[in-house]
Visitor: 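Below you'll find the structure I mean.
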Amino acid sequence: MNLTLKIWRQTDSQDKGKIHTYQVSGISQDMSFLEMLDVLNEQLNEMGEEPIAFDSDCREGICGMCSLMINGEPHGPEVTTTCQLHMRSFKDGDTITIEPWRSGAFPVLKDLCVDRSAFDRIIQSGGYISANTGSAPEANSVPVPRDNAVRAFNVATCIGCGACVAACPNGSASLFLGAKITHLGELPQGQPERWSRVVDMAAQHDHEGFGGCTNIGECTAACPKEIPLDVISQLNKDLRTAMRHGH
């Protein structure tokens, strides 16, 4: 495959940045998208040019690092992470535009890398269970109803990639926040801090500059783990309850 790549280049957060055009050839359809970028970077190294900075880690679809906007879609045309996207999703001769996440809460660090530490601060504000730890408890020592366990497990698959923010016209992280709130709110261990947790995490979300949710649904459509939109309803329900109880 021969491809034309239009890639956002930006030296640091202060630079204006702009799109640069590159040609790559001999790309196999069996390559992952990140392997294709590796080929381009090898070519740039050989020419003495600065390689393109992009985030990646596990390349197994489980860490959320590989955050790229591909032809205007978070992670590209398939419902998957960028590292699990393969070049068979494109055609010979295609022009592919590659950009970083676009959100005021995710400032660009360099090229395609953005700072997503706002997510870390949201988790630090309350996305945990305060409990003394020791040896692992017996698995059945705390009974959890099946429906609660299944829902908690399903929404816990959120990998914090930020695709929901990049897809949202408002730059809201409500899907991410709702997933974390719902995950802990479904478990018995999460009940003691349930109301203070949602208030603190929602406040941190707003403090970081994320926008509000208007239920457009772009977030769940872009989510590589298909987190359902109803976690935002759960977030709003818990937040209202917490405010009524004076938290």
Side-chain angles (χ1 to χ4, degrees), residues 62-65 67 73-75 79 81 101-107 114-131 142 144-247:
I62 58 174
C63 75
M65 285 293 291
S67 51
E73 297 180 274
H75 295 302
V79 183
T81 52
W101 284 167
R102 297 297 188 186
S103 170
F106 291 159
V114 300
D115 180 359
R116 286 173 291 177
S117 59
F119 272 10
D120 297 330
R121 290 188 290 274
I122 289 175
I123 296 298
Q124 289 164 3
S125 70
Y128 51 83
I129 292 171
S130 297
V142 181
V144 182
R146 180 186 179 280
D147 289 348
N148 297 78
V150 168
R151 191 173 189 224
F153 182 84
N154 287 341
V155 299
T157 58
C158 169
I159 53 178
C161 65
C164 52
V165 178
C168 178
N170 305 323
S172 174
S174 292
L175 193 74
F176 164 80
L177 180 57
K180 302 307 177 185
I181 292 294
T182 303
H183 166 212
L184 297 176
E186 289 290 339
L187 300 175
Q189 299 91 333
Q191 300 312 306
E193 297 167 297
R194 181 172 181 174
W195 310 121
S196 60
R197 176 186 301 115
V198 67
V199 170
D200 292 343
M201 292 181 72
Q204 189 66 38
H205 170 280
D206 294 347
H207 175 74
E208 295 293 342
F210 293 107
C213 174
T214 49
N215 285 309
I216 294 172
E218 293 287 341
C219 53
T220 190
C223 177
K225 299 303 177 182
E226 302 182 272
I227 301 297
L229 199 62
D230 67 1
V231 299
I232 299 178
S233 301
Q234 187 68 57
L235 163 65
N236 292 331
K237 190 183 303 180
D238 279 15
L239 188 57
R240 286 194 300 269
T241 302
M243 299 301 285
R244 279 202 307 269
H245 286 82
H247 287 275

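Both backbone and side-chain heavy atoms feed into the values below; hydrogens, waters and symmetry mates do not.
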Visitor: The criterion is side chain to side chain contact (heavy atoms under 4.5 Å, CB included); which residues satisfy it with Pro192, sequence neighbours excluded?
Guide: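 Partners of Pro192 by the side chain to side chain contact (heavy atoms under 4.5 Å, CB included) criterion come out as none, since no residue qualifies.
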Visitor: Hey, are the side chains of Met201 and Ile123 touching, using non-hydrogen atoms and a 4.5 Å cut-off?
Guide: yes
Visitor: Tell me every residue that passes side-chain hydrogen bond (donor to acceptor under 3.5 Å, both in side chains) with Ser174, counting only those two or more places apart in sequence or in another chain.
Guide: Ser172
Visitor: Looking at Ile129 and Gly190, what are the two nearest heavy atoms and their distance?
Guide: CD1-N, 3.9 Å
Visitor: Please tell me if the side chains of Pro224 and Val79 come closer than 4.5 Å, counting only heavy atoms from C-beta onward.
Guide: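 The answer is no, as the side chains (C-beta and beyond) never meet within the 4.5 Å cut-off.
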Visitor: Are any of the side-chain heavy atoms of Ile227 and Thr157 separated by less than 4.5 Å?
Guide: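 Sidechains of Thr157 and Ile227: in contact.
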Visitor: Before you tell me yes or no, could you show the steps for Cys223 and Leu175 under side-chain contact (heavy atoms from CB on, under 4.5 Å), namely the whole-Å CA-CA distance, both residues' side-chain angles and the distance that decides it to 0.1 Å?
Guide: CA-CA 9 Å; Cys223 177; Leu175 193 74; 4.1 Å; yes
Visitor: Between Ala118 and Ala105, what is the shortest heavy-atom contact and its length?
Guide: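 Looking at all heavy atoms of both residues, the shortest contact is CB-O, 4.0 Å.
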Visitor: Please examine the side chains of Val144 and Leu187, heavy atoms only from C-beta on, and report whether any two atoms are closer than 4.5 Å.
Guide: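 Yes, close enough: below the 4.5 Å cut-off.
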Visitor: Please give me the minimum heavy-atom distance between Gly178 and Leu235, naming the atom from each residue.
Guide: CA-CB, 4.0 Å
Visitor: Backbone N or O of Ile122 within a donor-acceptor pair of the Ser125 side chain at under 3.5 Å?
Guide: yes
Visitor: Between Ser103 and Val165 (side chain of the first, backbone of the second, donor and acceptor by atom type, cut-off under 3.5 Å), is there such a pair?
Guide: no
Visitor: Please identify each residue that fulfils side chain to side chain contact (heavy atoms under 4.5 Å, CB included) with Asp206, with sequence neighbours left out.
Guide: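 Listed in chain order: nothing, the list is empty.
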Visitor: Hey, does Leu229 have a side-chain heavy atom less than 4.5 Å from the side chain of Cys219?
Guide: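 In contact.
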Visitor: Is the backbone N or O of Ala179 less than 3.5 Å from a side-chain atom of Thr182, with the two atoms forming a donor-acceptor pair by type?
Guide: no
Visitor: Scan for salt bridge (charged side-chain N to carboxylate O under 4.0 Å, His left out) pairs involving residues 208-232, sequence neighbours excluded, and state none if there are none.
Guide: Arg121-Glu208, Arg151-Asp230
Visitor: Please name all residues satisfying side-chain hydrogen bond (donor to acceptor under 3.5 Å, both in side chains) with Asn215, sequence neighbours left out, ordered by chain then number.
Guide: none
Visitor: Mind checking what makes side chain to side chain contact (heavy atoms under 4.5 Å, CB included) contact with Arg240, not counting sequence neighbours?
Guide: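 Expected list: Asn236, Lys237, Arg244.
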Visitor: Do Glu193 and Asp200 come within less than 4.5 Å of each other through their side chains, counting heavy atoms only?
Guide: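 The answer is no, as the side chains (C-beta and beyond) never meet within the 4.5 Å cut-off.
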Visitor: Suppose we screen for side-chain hydrogen bond (donor to acceptor under 3.5 Å, both in side chains). Which residues come up paired with His75, at least two apart in sequence or across chains?
Guide: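 His75 satisfies side-chain hydrogen bond (donor to acceptor under 3.5 Å, both in side chains) with Thr82 once adjacent residues are dropped.
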Visitor: Between the side chain of Trp195 and the main-chain N/O of Leu239, is any donor-acceptor distance below 3.5 Å?
Guide: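 The answer is no, because no donor-acceptor pair under 3.5 Å joins these two groups.
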Visitor: Listing request: all ring-ring contact (aromatic ring centres under 6.0 Å, His included) pairs with a residue in residues 157-193, at least two apart in sequence or in separate chains.
Guide: Phe119-Phe176
Visitor: Excluding sequence neighbours, so at least two apart, what forms side-chain hydrogen bond (donor to acceptor under 3.5 Å, both in side chains) with Asp120?
Guide: none
Visitor: Check whether Arg116 reaches the backbone of Met65 with its side chain - one donor and one acceptor, N or O, closer than 3.5 Å.
Guide: yes
Visitor: How would you list, by chain and number, every residue that makes a side chain to side chain contact (heavy atoms under 4.5 Å, CB included) with Gln191, sequence neighbours excluded?
Guide: Arg194
Visitor: Hey, is the main chain of Ala173 close enough, under 3.5 Å, to the side chain of His205 for a donor-acceptor pair?
Guide: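 Here the side-chain-to-backbone pair exists.
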Visitor: Quick check for you: to the nearest 0.5 Å, what is the distance between His245 atom NE2 and Ser196 atom OG?
Guide: 13.0 Å
Visitor: To the closest 0.5 Å, what do you measure between SG (Cys213) and CG (Leu177)?
Guide: 10.5 Å
Visitor: With sequence neighbours excluded, give me every side chain to side chain donor-acceptor pair (under 3.5 Å) pair touching residues 159-170.
Guide: Asn170-Thr214
